[in-house]
Protein chains: 2
Amino acid sequence: MGDTAAESTPRRARGRPRGWDDKTEQNTIKSLDRAMAVFEYLSENPGLALSEIATRMGQSPATIYRILVTLEGRGLVEFDAGAQVWHIGSRAFVIGARFLRRTSLVERARPFLRQLMEETGETANLGIVQGANVLFVSQVETQATIRAFFAPGTLSPLHSSGIGKALLSQMDPARRDRLLGHDPLEAFTPHTLTDRQALSADLDRARALGFAEDREEKNLGMRCIAAPVFDIHDEAVAGISVSGPTSRMPEEAVPALGRAVAGAARNLTLALGGTAPA
Amino acid sequence: MGDTAAESTPRRARGRPRGWDDKTEQNTIKSLDRAMAVFEYLSENPGLALSEIATRMGQSPATIYRILVTLEGRGLVEFDAGAQVWHIGSRAFVIGARFLRRTSLVERARPFLRQLMEETGETANLGIVQGANVLFVSQVETQATIRAFFAPGTLSPLHSSGIGKALLSQMDPARRDRLLGHDPLEAFTPHTLTDRQALSADLDRARALGFAEDREEKNLGMRCIAAPVFDIHDEAVAGISVSGPTSRMPEEAVPALGRAVAGAARNLTLALGGTAPA
DNA sequence: CTTAAGTTTTTCATGATATGAAAAATATAT
DNA sequence: ATATATTTTTCATATCATGAAAAACTTAAG
């Protein structure tokens, strides 16, 4: 399961002796790990009966029973007496929510932005909705000498940025129309989509593809590919993008870049507890 | 979904034999329970070093180490290599968040919370009863720079929060007394209602008005206005509130805010199939 | 650079205890 | 009533979790 969790935690702690690279985890407690596997499994398959869990996980019912009862004692799982099934408990929510207090969206996104930049070679950005604009809150710059740059803190209208369009593409029509307002859509370059019909079609395409494109719609010579990030409520709360000069982002590179961006957005989504779209 | 769910799980399952009442838990796995105690302790005291946890919990460093490494392997805890301390991990958040999906309450409430926030300009919250506390499960934050901040996952005693009082005001006296217990009511600020007479009068007022007020009774400088939400069984299962700095919520604004909150609560009640009070 | 103090991992022997099989207890269905 | 399905307990056994102490390592100080 948690492939994201891997990421190689290079814990260089005080007293880490020699053979660390080879045998990674001979220090794990087997029984605890098995119990946590049950805990995790239950979170992915809520509302299972004891026997169901036991058979599916290939464990003895007695063992599963004792694990669940133990976790229940701490409120980490709950037993629905009516349906005779088990669920994740409220205490798990309380404990897990502590994670949010530690780091902000920006900090959490940082590693994914960095990886995306290294993967694509282009500047990676993170933006959120701020009123009717996208607010760019974080970025990891490419090492290339020619860079698309716009500092964090920059505001850009929703309809003329990749992240903005990625977010618009996920909103229900009512909210989308409300944010876009009734005034004419401002044109920044000849390529800006100012026609609402055309914009709507572009958003449909973005939703289908899983990523949105900005083809010099805000700045001439600059392209951008963006994908939406979903939070725990499955709401699109942020967008990740890569941006660079058109010369380095030709048509044929778009699918690969789109995949990379969508992948980064998906990883961040999972780290936020959201469910990534298929 | 279910009623409060907490309240002593009287698991009357298929094969529960005789002596169940007496010896409650001889089926718990000791090592697992100890490990979960560490997990829980870490969530309450984030950012502790291994040795610190070991000494504070009176356990051998080796044991704590192995527990943490095991949990780390599943992303339930994370090691901050810079500060050499441990934290709750993202996977714990993801798993815990599954608790919210069990009931559709949170999802249903979302649009009403958003609308309430936009209507009042203040952060809107959703809370449910969890034991003797209110558990805050969802919120839509204001865009104002000065915000009342308490993240989802927070627990707050019933008598010192707006939502808690809104819910208490709808309970029959027996249940209310049971939840409030016999211990003295804890005071968080000089304004906290610790006198049961005064609290009871306040609850009567709240029931008459249709909304409850928290006038800096939990946090100084922070006010809160809350109303109860009823499910299909006409039980008060949740509360909606707006919270913000006292400076933005003066006395003369209370009636309008109260109307807005009560309206949102009524709308959610209707969406849940409950009947709103007159 | 050397020494010292503090923290984290590992090793190892031992006993606690987690585990599965099977039986008992209980619920549901026929 | 009987049969079937599911959960809980009992019990014997070997796994494996545990603490003590040593080793590995980091940082701070001399």
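In what follows, chains carry the letters A, B, and so on, assigned in the order in which the sequence lines appear, proteins first and then strands, with residues in each chain numbered from 1.
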Check: Could you state the CG-P distance from L32(B) to dA18(C), rounded to the nearest angstrom?
Finding: 9 Å
Checklist line | Closest nucleotide among dA17(D), dA21(C), dT8(C) to the A62(A) side chain | finding: dA21(C)
Notebook entry, point to check: Which whole-number value in Å describes the distance from L68(A) CG to dT19(C) C1'?
Noted result: 15 Å
Next item on the list: Please answer whether the main-chain N or O of F230(B) pairs with a side-chain N or O of T269(B) as donor and acceptor at a distance below 3.5 Å.
Entry: yes
Next item on the list: Measure from CD on Q59(B) to P on dA17(D) and round the result to the nearest Å.
Entry: 14 Å
Note to self: If you assign S60(B) and S51(A) each to the DNA chain D nucleotide with the nearest heavy atom, which residue ends up on the more 5' nucleotide?
What the structure shows: S51(A)
Margin query: Nearest whole Å is fine: how far is dC16(D) C1' from I67(B) CD1?
Written below: 14 Å
Item checked: Nearest listed nucleotide, side chain of K30(B), among dT17(C), dT8(D), dT8(C) -> dT17(C)
Checklist line | Minimum-distance nucleotide to I29(B) side chain [options: dT9(C), dT19(C), dT7(D)] | finding: dT19(C)
Notebook entry, point to check: Counting just side-chain N and O atoms, does R66(B) come under 4.0 Å of either OP1 or OP2 of dT9(C)?
Noted result: no
Notebook entry, point to check: Cut-off 3.5 Å, side chains only: do T70(A) and D33(B) have a donor facing an acceptor?
Noted result: no
Notebook entry, point to check: How long is the line joining CG of L71(A) and P of dA18(C), in whole Å?
Noted result: 13 Å
Next item on the list: For D33(B) and dA18(C), give me the distance from atom CG to atom P, rounded to whole Å.
Entry: 10 Å
Notebook entry, point to check: So what does S31(B) touch, heavy atoms closer than 4.0 Å: a base, only the sugar-phosphate, or nothing?
Noted result: sugar-phosphate
Note to self: Using the side-chain heavy atoms of L50(A), tell me which of these nucleotides is nearest: dA18(C), dT18(D), dT8(D).
What the structure shows: dT8(D)
Check: Any donor-acceptor pair under 3.5 Å linking the side chain of R266(A) with the backbone of A276(A)?
Finding: no
Check: Roughly how far, to the nearest 0.5 Å, is the NE2 atom of H159(B) from the CZ atom of F188(B)?
Finding: 5.5 Å
Checklist line | Atom-pair distance (CD1 on I64(B); P on dT18(D)), nearest Å | finding: 9 Å
Margin query: How many whole angstroms separate atom CD of Q84(A) from atom P of dA25(C)?
Written below: 19 Å
Check: Can you check whether R34(B) has a side-chain N or O nearer than 4.0 Å to OP1 or OP2 of dT18(D)?
Finding: yes
Next item on the list: Kindly give the heavy-atom pair with the smallest separation between F112(B) and N267(B), and that separation in Å.
Entry: CE2-CB, 3.4 Å
